Amino acid sequence: MNDKTELKERLRLLTVIREEALLRQRDIYPREEKVDTWPNLVVKELIALLIFTIVLVVWALVQDAPLEELANPGLTPREAKAPWYFVGLQELLVYFDPWMAGVVLPTVILVGLALVPYLDPDPIKGVGRYAIGKRKFAAFCFIFGFTMWFVLVVVGQYFRGPGWNFYLPWESLDSPKEVEVALTNFPLAAGIAFLACYYILGLGIPAVTFQNFFWRLGLIRYHITMILLMTMMLVPVKILLRQVFHIRYIVETPWFNI
Amino acid sequence: MNIFVQMWRSLFRTGVTDSPVHRVFRVVVNFILHLHPARVSKNGIKITYTFCLGGLSVLFFVMTALTGGLLMIYYTPDVDKAYANMLDLENVIPFGMFLRNLHRFAAHAMVISVSLHMLRVFLTASYKSPREFNWVIGVGLLLMTFLLSFTGYLLPWDQLSYWAVTVGTTMAENTPIVGTKGPFSVLGPEEDMRFILLGGTSIDQPTLIRFYFAHCIGLPGALVGLMALHFWRVRKAGGISRPL
Amino acid sequence: MLKPLVDDISETTVSRRRVLGGALFWASCGIVVAILGVIGGGVLRFLYPRALYEASKIFKVGSPESYKIGSVNLVTGRGVWIVREQEGFYAILAKCTHLGCQPIWYEDQQVFKCPCHGSRFHKDGVNFAGPAPRPLDRLYLSLASDGRLEVDKGKDVGLDYKLKV
């Protein structure tokens with residue numbers, strides 16, 4: 001190996017080490033106040049552990065876990081609800097076909113969540129404190145999605161009765177509800193145009209309006225972020241189209257419907 | 001040395017003396033406490049900062065694991081026996097129902113605390129460098145939590161579990177490309193996604209065994225592995241995030 | 001001048017060693033990937049048993065005369081309806097195309113209703129309300145040599161299929 005490549009290699013290593021050092025430097029706080037883990041942290045953990053152990057034990061004593069009759073493949077019960085944490089997805093099944101509500105949307109949610117740290121362009125803003133005001137866009141996206149998930153759970157869990165019809169929590173589930181709403185689909189061309197416009201405008205308008213934002217994220221990051229955001233927004237949009245305009249499918253093809 | 005004193009000291013090696021050295025030592029030599037650094041930032045351990053949510057998730061996991069392990073003693077993953085085992089737990093076995101309740105409610109609590117932990121980490125921007133990948137591991141942990149809950153739902157073999165799992169696995173059948181009823185399906189009913197889950201074309205004995213394996217061995221194993229990685233990386237990134 | 005990291009090794013030796021080392025490295029990578037692939041493929045294949053101990057997909061459901069014209073009969077334990085109309089017979093799979101619940105036949109309204117999410121189907125299995133994306137599956141129905149009707153649950157025939165007896 002000649003001197004030049006050797007030198008380059010050493011410089012490269014040095015840069016890596018320097019970057020690593022800088023990376024760690026962010027976590028080195030000269031004036032930071034430190035306390036002993038024992039007893040300061042350990043005591044708090046012990047208290048939390050005791051409180052929640054007692055709460056759960058009492059809960060388990062006063063309430064029994066549900067158990068219905070023996071499984072019977074030949075008889076569907078009046079209400080077949082998923083466990084509560086999946087009821088949000090089940091609620092989406094009213095608005096989307098199973099492949100969309102049960103497979104595509106959960107996958108998008110998980111992939112989107114995993115991508116969060118790589119989509120956020122700012123490496124330090126708001127770290128270590130609840131500075132929502134400084135990260136309005138990020139906080140909005142996350143809180144919106146988080147709230148929507150739990151709103152759907154609550155609606156599915158407490159406001160849906162037999163036939164997945166809408167019941168108020170205090171209404172009797174025995175009174176049958178026959179809600180006959182004629183649903184229509186968008187014509188194919190209009191549906192495709194609608195979706196195309198939705199995404200193109202959804203990606204285009206913010207790029208033009210908030211150019212700073214666009215350039216700060218960069219081309220790839222911007223597009224991934226906005227596609228994920230627009231897909232999340234598709235859920236309330238579809239709910240609106242369904243509930244207000246009685247639209248069943250935006251795009252209907254022989255192979256799939258959205 | 002008195003034999004009892006010797007036994008005691010071999011167990012708790014740090015004694016009761018309080019001094020800065022003892023405080024550090026107590027954390028460093030203890031298997032559970034050594035997950036923590038000996039000294040922590042004052043800001044990072046404020047209750048109003050973390051709300052103990054990560055730790056509580058661990059607590060609820062340990063609770064479900066302990067109660068679940070005990071429940072396994074009386075549970076047979078057999079479609080003819082599973083439901084009878086549930087009734088036995090309820091009526092015949094002392095504290096059987098209590099353990100089942102605790103198992104279920106701790107699982108509920110775990111889903112809630114894991115979700116809220118994720119919210120807390122997001123709002124404090126704690127996923128930012130150098131903690132990016134730990135957030136990804138956290139998303140994996142969230143998925144594992146949901147899958148554990150879902151697989152556990154079938155085991156009592158009652159109407160509730162049967163139809164909830166019917167609904168869940170029919171979604172797998174509707175997966176694009178790899179589900180037999182999904183858009184652009186390429187696989188038949190005996191080779192698609194749903195078949196792998198069910199071990200057949202309907203929810204039956206093979207399904208119960210598969211879910212039982214996933215619930216008791218596969219998923220908890222994966223969860224524990226990811227948890228270890230998660231905690232390790234928290235430490236390597238310099239502990240709980242603090243303001244910059 | 002920089003001090004070399006490794007002393008006194010002629011240039012050719014180093015380069016040969018580098019080439020061989022590189023080749024070995026990539027070969028190892030290939031072997032690791034191959035092993036993982038074999039293990040993964042094996043585990044995947046392991047999940048597909050060669051035989052299923054399930055009820056046969058082909059079964060007989062009695063003679064055609066036992067069904068009245070216009071009637072819808074659930075074959076209990078099989079999850080199949082046998083419908084007889086003026087023009088002939090057809091068999092419908094009693095599994096909602098939405099999420100797999102078993103719909104219920106309402107004789108007075110002449111509709112199938114799914115209790116899970118309220119999907120509804122006409123007598124011929126065509127969906128007309130609720131979230132179901134497709135009509136109910138119509139199954140292959142034939143007349144066996146002994147004169148009884150035979151259903152094949154594995155075969156999904158189109159909506160036009162009817163068995164004339």
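Proteins come first, then strands; the chains are lettered A, B, ... in the order of their sequence lines, and each starts at number 1. Bear in mind that the values here come from a model prediction, so they are computed numbers and not experimental data.
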Notebook entry, point to check: Looking only at heavy atoms, which two atoms of P156(B) and L67(A) are closest? And how far apart?
Noted result: CB-CD1, 3.9 Å

Item checked: Over all atoms of both residues, closest heavy-atom pair of P176(B) and V103(A) ->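 Shortest heavy-atom separation between P176(B) and V103(A) comes out as CD-CG1, 4.1 Å.
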
Non-hydrogen atoms of chain A under 4.5 Å away: do they reach the side chain of [X], the backbone, both or neither?
X	result
A106(B)	both
H22(B)	neither
L56(B)	side chain
Y153(B)	side chain
L33(B)	side chain
M193(B)	neither
E173(B)	neither
F60(B)	side chain
F51(B)	side chain
V40(B)	both
R104(B)	side chain
W157(B)	both
L59(B)	side chain

Residue part contacting chain B, namely of [X], when any heavy atom lies under 4.5 Å:
X	value
D36(A)	both
R135(A)	side chain
V57(A)	both
P73(A)	both
A48(A)	both
D122(A)	both
P66(A)	both
T253(A)	neither
L41(A)	both
V42(A)	side chain
L115(A)	neither

Between [options], who has the most heavy-atom pairs with chain A when the cutoff is under 4.5 Å?
options	result
S149(B), A109(B), A82(B), G168(B)	S149(B)
Y162(B), F105(B), Y127(B)	F105(B)
I47(B), V24(B), I45(B), V139(B)	I45(B)
V167(B), T175(B), D204(B)	T175(B)
G179(B), C52(B), S115(B)	S115(B)
D18(B), L142(B), V27(B), I240(B)	V27(B)

Looking at [options], which one has more heavy-atom pairs under 4.5 Å with chain B than the rest?
options	answer
P39(A), P98(A), G102(A), P117(A)	P117(A)
A82(A), A138(A), A139(A), P106(A)	A138(A)
D64(A), I132(A), N257(A)	D64(A)
P254(A), A114(A), A101(A)	A114(A)
L61(A), N40(A), L75(A), L49(A)	L75(A)
W84(A), F146(A), F142(A)	F142(A)

Notebook entry, point to check: Just wondering, do W59(A) and H108(B) contact through their side chains at under 4.5 Å, heavy atoms?
Noted result: yes

Notebook entry, point to check: Do L113(A) and W135(B) come close enough that some side-chain heavy atom pair is under 4.5 Å?
Noted result: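 They are in contact (side-chain heavy atoms under 4.5 Å apart), so the answer is yes.
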
Notebook entry, point to check: With under 30° as parallel and over 60° as perpendicular, where do the rings of Y130(A) and Y49(B) fit, or are they tilted in between?
Noted result: perpendicular

Note to self: Parallel, tilted or perpendicular: which one describes the rings of F150(B) and F86(A), with boundaries at 30° and 60°?
What the structure shows: perpendicular

Hey, could you give me the [atom1]/[atom2] distance between [X] and [Y], rounded to the nearest 0.5 Å?
X	Y	atom1	atom2	value
K34(A)	R242(B)	NZ	CZ	6.0 Å
N43(B)	E33(A)	CG	CD	10.0 Å
T50(B)	E45(A)	OG1	CD	9.0 Å
L143(B)	L110(A)	CG	CG	5.5 Å
T170(B)	L93(A)	OG1	CG	10.0 Å
M171(B)	Q90(A)	CE	CD	6.5 Å

Over 12 non-hydrogen atoms of neighbours within 6.0 angstrom of [atom1] in [X]:
X	atom1	answer
N91(B)	CG	yes
F95(B)	CZ	no
F146(B)	CZ	yes
I220(A)	CD1	no
R216(A)	CZ	yes
F25(B)	CZ	no
Y158(A)	OH	no

Item checked: Side-chain donor or acceptor of N174(B) paired with backbone N/O of W99(A) under 3.5 Å ->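 A pair under 3.5 Å: no.
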
Next item on the list: Return yes if some donor-acceptor pair links the side-chain N/O of Q159(B) with the main-chain N/O of N72(A) below 3.5 Å, else return no.
Entry: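 Here the side-chain-to-backbone pair exists.
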
Next item on the list: Answer with yes or no whether the side chains of H36(B) and W38(A) bring together a donor and an acceptor at under 3.5 Å.
Entry: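 Short answer, no.
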
